[in-house]
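Letters A, B, ... mirror the listed sequences (proteins, then strands); counts begin at 1. The basis for the numbers below is simple: all heavy atoms, side chains too, and nothing from hydrogens, waters or symmetry mates.
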Amino acid sequence: MVDTTKISFATEFPIDKIVKVFEGTLNVATQFSPIGGLGSPNYYRMPHGFTRPVFTQLISSSDGASYFDGGFYNLAFSDSTYVYILTLQTTGTIYYKLLCSWMDNFDDSNPSVEVDLGYKKNVLFDSRTNYQKIFDQNMVSMAINSSRTIPYTLASVPNGKAYFEAFEGQVWPANAGGTGNPWLYDLTNQAELYFVIKNSGMDLNISGGTTSRKVWYRIYI
Amino acid sequence: MGIKLDGVIMSSQTGAYINYATLTTTISISGTVPSFDVLNFDGTIPYGRGNSIADVYLQSVNGNKVLANNMQRIPSGTVYTFAGSETCSVVTTYTNVAINIEITIFNGSVSSLPLISQTISVSAVIYDAPFSSL
């Protein structure tokens with residue numbers, strides 16, 4: 001039996017595919033606008049060039065030296081046309097590094113896409129390094145204020161991620177907290193998602209919104 | 001020429017999250033939070049690679065695990081055992097020498113709040129992301 005966590009990659013398991021990289025600086029005062037009503041976060045958006053949303057992973061900084069994970073001052077999400085950077089800042093500069101990865105199972109279209117990484121590197125794969133393998137991934141539709149468990153049988157608690165439709169057609173990384181969640185700006189229409197990875201399954205919990213929402217999960221080994 | 005990516009195991013036309021390292025630390029939580037005040041608990045993972053990116057997981061002693069990225073507030077019933085009506089938030093910072101994880105407990109009540117002593121394990125799955133600065 002091969003321990004797949006110790007080998008570079010296995011043809012049995014897919015890996016995340018990064019299809020776009022955004023890096024740069026933004027001026028909050030001149031380039032951002034409120035995404036909702038009074039007190040809502042400000043947003044800036046950029047076309048990603050695909051016909052479906054992408055998974056986003058953001059780190060950002062206000063000084064270009066110390067970077068924060070998404071979810072602290074800034075957060076990124078996408079729709080079928082744009083990636084969005086949300087910020088709680090009203091002034092200053094945002095230094096951002098944003099990775100966009102492909103969403104398998106988004107729909108049945110399987111479009112032909114042009115991949116633009118936005119950087120110059122000659123080597124994309126190196127078999128000497130290790131890649132995180134996707135043990136299971138899928139999309140599930142969840143009713144308002146519901147929970148469900150994605151079961152699995154593994155030797156240890158795996159890693160995992162989940163994205164969801166905070167609004168229909170917008171794919172956000174899981175975030176929650178109710179009125180204490182700084183990214184919750186529409187108490188009627190916006191949904192929240194959190195997940196817990198346990199020994200025997202991933203628990204998905206969605207709340208808020210007015211209609212059922214899609215949730216995409218990935219379980220890694 | 002385009003490429004179809006659905007169902008593709010791996011592709012030489014896309015980048016990848018290279019699993020560069022998985023490093024761990026623990027954060028011990030205890031003490032009493034004064035009324036309308038906070039207590040901060042920090043964990044540091046030394047890592048000499050500037051501007052890397054990581055998936056940071058928090059795990060409780062019962063094995064439950066949450067991904068801290070993008071989840072500023074830690075929900076009840078996940079990895080932190082609440083003593084009362086406090087809030088628990090987490091932020092991860094990257095510098096050129098370390099990844100710092102800070103858990104902040106806020107007590108918004110009029111009385112001080114003794115916390116339930118607990119230890120949270122932190123694991124950072126650090127990637128060599130295809131940023132131009134790396």
Side-chain angles (χ1 to χ4, degrees), chain A residues 9 11-19 21 23 57 59 65-72 75 97 99 101-102 104-106 109-115 117-121 124-126 129-132 157 159-161 173-178 180-183 194-199 205, chain B residues 1-22 50-57 59 62-75 77-79 87 89-96 100-101 106 123 125 127-134:
Chain A
F9 52 85
T11 54
E12 185 180 358
F13 303 109
I15 62 173
D16 289 314
K17 294 174 279 289
I18 298 172
V19 293
V21 179
E23 293 181 81
Q57 184 161 7
I59 58 172
S66 292
Y67 278 78
F68 299 93
D69 266 340
F72 191 50
L75 183 138
K97 297 171 182 287
L99 298 175
S101 54
W102 188 250
D104 276 354
N105 308 314
F106 178 75
S109 65
N110 197 13
S112 179
V113 298
E114 298 293 336
V115 177
L117 291 173
Y119 72 106
K120 303 295 183 187
K121 272 196 169 184
L124 291 175
F125 279 99
D126 184 339
T129 60
N130 198 358
Y131 297 85
Q132 189 163 239
V157 181
N159 294 330
K161 295 178 182 177
N175 71 95
N181 179 5
W183 309 110
Y194 74 90
F195 63 95
V196 188
I197 308 167
K198 298 181 176 178
N199 189 47
N205 304 274
Chain B
M1 186 180 70
I3 180 174
K4 293 181 182 295
L5 288 173
D6 281 1
V8 171
I9 300 295
M10 57 196 307
S11 165
S12 62
Q13 293 192 35
T14 66
Y17 292 87
I18 298 175
N19 185 190
Y20 193 76
T22 299
N51 297 337
S52 60
I53 196 165
D55 295 332
V56 177
Y57 294 91
Q59 190 167 17
N62 65 8
N64 289 354
K65 184 188 284 188
V66 298
L67 179 65
N69 305 56
N70 300 301
M71 185 65 81
Q72 188 173 335
R73 287 292 183 92
I74 301 301
T78 57
V79 296
T87 64
S89 58
V90 60
V91 62
T92 303
T93 311
Y94 304 82
T95 69
N96 287 330
N100 299 301
I101 302 96
F106 171 67
S123 62
V125 182
Y127 302 100
D128 177 4
F131 296 132
S132 59
S133 57
L134 292 176

Check whether any side-chain N or O of [X] sits under 3.5 Å from a backbone N or O of [Y] as a donor-acceptor pair, and report yes or no.
{"X": "B/Y17", "Y": "A/I18", "value": "no"}
{"X": "A/N110", "Y": "B/D6", "value": "yes"}
{"X": "A/K161", "Y": "B/D55", "value": "no"}

Once you round to the nearest 0.5 Å, how far does [atom1] of [X] lie from [atom2] of [Y]?
{"X": "B/R73", "Y": "A/W183", "atom1": "CZ", "atom2": "CH2", "result": "13.0 Å"}
{"X": "A/Q57", "Y": "B/N70", "atom1": "CD", "atom2": "CG", "result": "7.5 Å"}
{"X": "A/I59", "Y": "B/T92", "atom1": "CD1", "atom2": "OG1", "result": "11.0 Å"}
{"X": "A/F68", "Y": "B/Q72", "atom1": "CZ", "atom2": "CD", "result": "11.0 Å"}

Minimum heavy-atom separation for [X] and [Y], please, with both atom names.
{"X": "A/G160", "Y": "B/L67", "answer": "O-CD2, 3.9 Å"}
{"X": "A/S66", "Y": "B/T93", "answer": "CB-CG2, 4.2 Å"}
{"X": "B/P75", "Y": "A/Y194", "answer": "CG-CG, 3.6 Å"}

Taking the side chain as C-beta and beyond, is there a heavy-atom pair between A/W102 and B/V8 under 4.5 Å?
no

Against chain A, work out which of B/V66, B/T78, B/N69 has the most heavy-atom pairs shorter than 4.5 Å and name it.
B/N69

Can you tell which of B/I74, B/N64, B/L5 has the highest number of heavy-atom pairs within less than 4.5 Å of chain A?
B/L5

With a 4.5 angstrom heavy-atom cut-off, could you sort out which part of [X] is near chain A: side chain, backbone, both or neither?
{"X": "B/A21", "value": "neither"}
{"X": "B/V56", "value": "side chain"}
{"X": "B/T87", "value": "neither"}

Between A/K97 and B/Y127, is NZ or CZ placed under 6.0 angstrom from the six-membered ring centre and within 45° of the ring axis?
no

Picking from A/D16, A/V157, A/N159, which has the most non-hydrogen pairs under 4.5 angstrom with chain B?
A/N159

Name the option with the most non-hydrogen atom pairs under 4.5 Å to chain B; the candidates are A/P182, A/G177, A/S109.
A/P182

Quick one: what part of A/N199 sits under 4.5 Å from any heavy atom of chain B, side chain, backbone, both or neither?
neither

Examine whether an atom of A/F13 lies under 4.5 Å from a heavy atom of chain B, and if so say whether it belongs to the side chain, the backbone or both; otherwise answer neither.
backbone

Check against side-chain contact (heavy atoms from CB on, under 4.5 Å), A/I15 and B/I9:
CA-CA 6 Å; A/I15 62 173; B/I9 300 295; over 6 Å; no

